[in-house]
Chemist: 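Below you will find the structure I want to go over with you.
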Protein chains: 2
Amino acid sequence: MEEMNFQPNLVAKNLVSKTTGSICVVLPQISEESFSNSFYIEMIRGIVKQARDSGYDVIISSGANETEEKEAVSRLLRGRQVDGAILLCSRKEDAVVEFLKTGGYPFVLVGRSNQYDDILSVQTNNVTAAYDATRHLISMGHTRIGFISGPRELIVSADRLEGYRNAMRESELRVCPDWVLEGQVLRDSGYRAMSAYMSLSERPTALVVVDDLISFGLLRSLKELGYRVPDDLALVSFNNIQLVELSSPPISSIDMDMYFQGYTASQILIRSLKLPGNRSSEMHKQIVPHRLIVRESSVKARI
Amino acid sequence: MEEMNFQPNLVAKNLVSKTTGSICVVLPQISEESFSNSFYIEMIRGIVKQARDSGYDVIISSGANETEEKEAVSRLLRGRQVDGAILLCSRKEDAVVEFLKTGGYPFVLVGRSNQYDDILSVQTNNVTAAYDATRHLISMGHTRIGFISGPRELIVSADRLEGYRNAMRESELRVCPDWVLEGQVLRDSGYRAMSAYMSLSERPTALVVVDDLISFGLLRSLKELGYRVPDDLALVSFNNIQLVELSSPPISSIDMDMYFQGYTASQILIRSLKLPGNRSSEMHKQIVPHRLIVRESSVKARI
DNA sequence: CTGTTAGCGCATTCAG
DNA sequence: CTGAATGCGCTAACAG
């Protein structure tokens, strides 16, 4: 105890305590193209805040593909560099989830897994969220409602599509296959795709869109094509990024509270880490409520 | 060497090698309010990519204020948990910079320091960038050009203001004090502030705006007030976020290549870490070129 | 060239 | 209750 302000060597401390005081979060590459960028920074802020408050550090991990992601997180976990992991995104038959689950590593998934039901996770009910979005459009008098989807391998895409179908079925509305589009098409050639879409003999009068970013692109293409929102086409999308209220018209969107999802994921993980038994195999699914923010893009009548 | 696939304990390895193979990046809180969110995730992606390729891990650090940030990075560095740090944002008389510099820790600043000139840094020339933006507006025939600034304590705000003033002075154009506004005002009450602004007896016909996000807000307020962009007011802003080309009209913006800035910062830091002498006190300033992307918000004549 | 040992900086344990 | 020894898992220097 030489001088007063003395900082112990954390590495040595970690070695003896067999705990690192760190968690890693896997920053996905796949959804980078299709989902809003600000999406993840919000989650990360939430994770870092909570981890910091709990005395944990956060390591950002990533990989160009599923295999690289798995190897990165494996090195960290097996090398005892981190105590647990947070996955920000879930794919169908996700190799990273499988690795973490079968390896018995502590981890939390932000999203749903289609492989295991007994894992720690924080998620919004995407089926219900899409159902709500669709119901809202139906309540505004729409009967021909389309759906713009995200990458097929993401579970969130499938869930939202299901919620949309549920709402349509419940109201006995027809879903024309032509009405369901993958968002990627729009990013590649928004104008052309939208032109074709709006020329359908029986075109939709409203759209449920899987991410706000795509809505921005749609808005732009529609304006160029001379269509008006919401009069010619009403829009509701997901994630409620900061900018949706500044677009013209402002976009109706379902808020998922990304910061809180990150905060909660971190909380669940660290709590499980601190449990003596470390019974992470126990089922623990935390549902974060969503809420629809109605703005002009889905409301015809001006007040 | 029991089994074939064996992962050594990195903590023990680090302890003996006296090197951690990790760097930390300080995620600033201050600019969260005034600058685009997607801004930082881009930098982080660049940092993580380069660090990963160099065999380094990235720890995200943050704090609610300058002091907390300093303590967080201090704990990491003095506790030998990381080998160096990257600062994503520079304030005037920045306490974190001062701590790192006087402590002799390896670090790279993304941005300019007003305290030290002999530190590792990667930056865009914000003075020139703002000069270019202003010159562009002047070349479009504008003479009454205003400026919307960011937080005063950020060096980037001051530099851009200076570049704007330089261009105006060079062209012998007057800068009316009423024309220079702090962005925060607009976020608090965009409509009201903009209404007052446009009612000035001698109001500007063009604006240089410190961040794209503020431009979005301006666009919204102006539309509500019945003004047209670029006819009533032309706009150029900074950072060139993904969404500027999807707004209506698309916003002219100066691209700063955030991903590359992050990538470069990581590269400089890790290179200095690997140097035997670790002569980080050597001056090394990397300037990342910017470029103006002209879009409709600053061009009156339709082609 | 292969196998053994010392020590990295702590925390925990045991002895004084 | 305070102080010295042991070991965390690895790498390095060392001896066989």
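Keep in mind that this is a model prediction, so the values were computed, not measured. Protein chains get the first letters and strands the later ones, always in sequence-line order, with residue 1 at the start of each.
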Chemist: Whole-Å distance between D/dG9 P and A/Q81 CD?
Modeler: 15 Å

Chemist: Hey, does the side chain of B/Q7 reach the backbone of A/R75 with a donor-acceptor pair shorter than 3.5 angstrom?
Modeler: yes

Chemist: Any salt bridge between A/R91 and A/E69, counting N to O under 4.0 Å?
Modeler: yes

Chemist: Is the shortest heavy-atom distance from the side chain of A/V11 to the side chain of B/V11 under 4.5 Å?
Modeler: yes

Chemist: Could you give the NZ-to-C1' distance, from B/K13 to D/dA12, as a whole number of Å?
Modeler: 14 Å

Chemist: Please determine whether the number of non-hydrogen atoms from other residues, nucleotides or ligands lying under 6.0 Å from atom CZ of A/R112 exceeds 12.
Modeler: yes

Chemist: With B/S22 as reference, evaluate B/V58, B/L10, B/L76, B/V82 under the side chain to side chain contact (heavy atoms under 4.5 Å, CB included) test and give the passing residue.
Modeler: B/V82

Chemist: Which whole number of Å gives the distance between the C1' atom of C/dT5 and that of D/dT6?
Modeler: 16 Å

Chemist: Out of the candidates A/D212, A/D211, A/D255, only one should pair with A/N239 under the side-chain hydrogen bond (donor to acceptor under 3.5 Å, both in side chains) rule; please name it.
Modeler: A/D211

Chemist: I need the CG-P distance between A/N14 and D/dG9, as an integer number of Å.
Modeler: 13 Å

Chemist: Under 3.5 Å, which protein N or O atoms sit close to an N or O of nucleotides 3-8 of chain C? Give each pair with its distance.
Modeler:
none

